[in-house]
Participant: 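Below is the structure I would like to discuss, written out as structure tokens.
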Amino acid sequence: MIKSALWIIMFVILSSTTALAQENNKRKIDAVKKRNTYLYGDATRQTERNAVRLACDLLKNEIKDWSIKNNLSYQKFPEAIFTQYADTIIIEKKNHIRAFVYIKIKDLSAFLSNDSCTPKSVNPIVAPTSLPHKPVNTKTKPKVQTSLSQGTRVPPKQKSTVAKRSNPVLDHLMTINSFYDLKSVITPLHNQGVIRSYGKYSTMKEPAECYLIVYDANGYIKAFLGKGHDTRENLKTHQPDNVRNYIGCGAIWFILADDN
């Protein structure tokens with residue numbers, strides 16, 4: 001009887017917390033819509049992936065219209081806008097998922113004003129779009145040596161002869177091929193306590209404890225890197241790699257709860 005009562009209390013607390021988070025997200029969306037300093041795409045679909053993709057398409061149309069009005073043109077739509085400056089809010093409904101993707105107009109203007117349509121920063125890995133529910137300021141970016149501004153590839157060190165131990169969590173994550181599929185895998189692992197924490201590259205505070213999932217401007221995952229600083233192991237090739245080899249890419253970091 002006592003156990004049943006405790007389970008009921010826990011369920012009520014969790015439900016209340018989730019409802020509060022959802023309400024906060026709705027307020028944030030309303031606040032963004034009321035301002036004239038943002039462009040956004042708002043979509044609802046049965047799956048999160050479809051909702052995010054449609055919201056991105058709607059935002060893309062908004063960006064195109066805004067660009068024409070402000071005489072900012074480009075030959076090909078710069079997809080890197082999404083991975084470097086856009087943020088996403090996800091709201092779960094009974095049978096549908098709502099995705100809200102938005103971007104600050106001042107960031108968009110600075111990006112498109114660059115003739116090459118690439119970020120002016122030469123950081124090896126730029127701050128990517130946040131995973132839903134984790135909006136973070138992307139202005140603070142790591143410093144790198146200016147000698148790498150041309151994208152010079154860092155030569156790998158000699159391959160280690162130590163046998164690599166398989167990790168089922170990492171093996172599972174490495175089956176993901178797209179940024180848009182990350183949250184549906186990472187969030188359950190985080191809720192289960194398998195992943196202790198995760199976030200945008202710009203928020204990483206313990207690089208020596210963090211794994212990196214690196215992806216390009218189109219959202220395709222380019223590499224899974226092990227723990228470390230600049231030099232890390234490429235978990236797929238088991239070769240030494242370096243974050244400076246991925247100039248212009250985005251990344252998500254994560255820490256495993258049990259990584260002995």
Side-chain angles (χ1 to χ4, degrees), residues 48-49 52 79-80 82-84 88 122-134 136 138 141-145 148 151-260:
E48 182 175 318
R49 182 173 185 175
V52 171
E79 300 288 345
F82 292 109
T83 58
Q84 295 179 36
T88 306
V122 296
N123 294 325
I125 297 179
V126 295
T129 187
S130 62
L131 288 180
H133 310 310
K134 286 181 170 287
V136 181
T138 62
K141 301 179 180 179
K143 296 181 179 179
V144 298
Q145 297 178 4
L148 295 170
T152 304
R153 186 170 183 83
V154 178
K157 296 181 181 179
Q158 185 176 359
K159 184 179 180 180
S160 173
T161 58
V162 179
K164 302 300 179 182
R165 184 178 60 177
S166 177
N167 183 307
V169 178
L170 295 178
D171 290 342
H172 180 47
L173 287 170
M174 284 190 288
T175 63
I176 305 172
N177 296 312
S178 171
F179 168 81
Y180 299 104
D181 297 327
L182 275 177
K183 181 180 179 293
S184 63
V185 176
I186 287 182
T187 300
L189 292 175
H190 180 252
N191 293 339
Q192 295 165 17
V194 177
I195 289 179
R196 177 154 58 100
S197 55
Y198 66 94
K200 298 167 80 172
Y201 184 78
S202 63
T203 68
M204 184 171 59
K205 297 180 180 179
E206 303 174 83
E209 300 299 321
C210 297
Y211 293 90
L212 294 179
I213 302 175
V214 184
Y215 58 92
D216 64 17
N218 294 314
Y220 296 112
I221 292 180
K222 303 291 290 183
F224 291 85
L225 303 181
K227 297 184 292 185
H229 291 274
D230 281 357
T231 301
R232 296 167 177 264
E233 178 194 3
N234 187 305
L235 298 179
K236 282 197 170 182
T237 65
H238 299 299
Q239 295 281 349
D241 207 338
N242 197 295
V243 296
R244 297 173 186 171
N245 293 331
Y246 300 96
I247 292 177
C249 289
I252 295 296
W253 62 265
F254 66 92
I255 299 176
L256 295 179
D258 185 9
D259 196 26
N260 295 325

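Reckoned from all heavy atoms, side chains included, excluding hydrogens, waters and symmetry mates. All figures in this text were calculated on a predicted structure; none of them were measured in a lab.
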Participant: How long is the straight-line distance from CG of D241 back to NZ of K222, given to the nearest 0.5 Å?
Facilitator: 11.5 Å
Participant: Among T175, V169, D171, exactly one meets side chain to side chain contact (heavy atoms under 4.5 Å, CB included) together with L173. Which residue is that?
Facilitator: V169
Participant: Work out which heavy atom in K227 is nearest to a heavy atom in A208; give both atom names and the distance.
Facilitator: CB-O, 3.2 Å
Participant: State, to 0.1 Å, how close G193 and A257 come at their nearest heavy-atom pair, and which atoms those are.
Facilitator: O-CB, 2.9 Å
Participant: Can you find a pair of side-chain heavy atoms, one from I186 and one from I213, that are under 4.5 Å apart?
Facilitator: yes
Participant: Is the NZ atom of K236 crowded by more than 12 outside heavy atoms at less than 6.0 Å?
Facilitator: yes
Participant: Restricting to non-hydrogen atoms, name the atom on R196 and the atom on E206 that form the minimum distance, rounded to 0.1 Å.
Facilitator: NH1-OE2, 4.5 Å
Participant: Indicate the atoms forming the closest heavy-atom contact of E209 with I255, along with that distance.
Facilitator: O-CG1, 3.6 Å
Participant: Check step by step if side chain to side chain contact (heavy atoms under 4.5 Å, CB included) holds for F254 and L170.
Facilitator: CA-CA 11 Å; F254 66 92; L170 295 178; 3.8 Å; yes
Participant: Could you grab the distance from atom CG of N234 to atom CG of L212, nearest 0.5 Å is fine?
Facilitator: 11.0 Å
Participant: Less than 4.5 Å apart, side chain to side chain, heavy atoms only: is that true for S197 and W253?
Facilitator: yes
Participant: For a 4.5 angstrom cut-off between non-hydrogen side-chain atoms, does I195 reach L256?
Facilitator: yes
Participant: Please report the C-alpha distance between I221 and L182 in whole Å, then the side-chain angles of each, then the deciding distance to 0.1 Å, and finally whether the side chain to side chain contact (heavy atoms under 4.5 Å, CB included) criterion is met.
Facilitator: CA-CA 10 Å; I221 292 180; L182 275 177; 4.3 Å; yes
Participant: From L225 CG over to Y246 OH, what is the distance, rounded to the nearest 0.5 angstrom?
Facilitator: 5.5 Å
Participant: Dump the intermediate steps for side chain to side chain contact (heavy atoms under 4.5 Å, CB included) on Y198 and L189, then the final yes or no.
Facilitator: CA-CA 11 Å; Y198 66 94; L189 292 175; over 6 Å; no
Participant: Hey, does the side chain of R232 reach the backbone of H229 with a donor-acceptor pair shorter than 3.5 angstrom?
Facilitator: yes
Participant: Does the side chain of V214 come within less than 4.5 Å of Y201's, by heavy atoms?
Facilitator: no
Participant: I need the minimum non-hydrogen distance between Y211 and G226, along with the two atoms involved.
Facilitator: CD2-CA, 3.7 Å
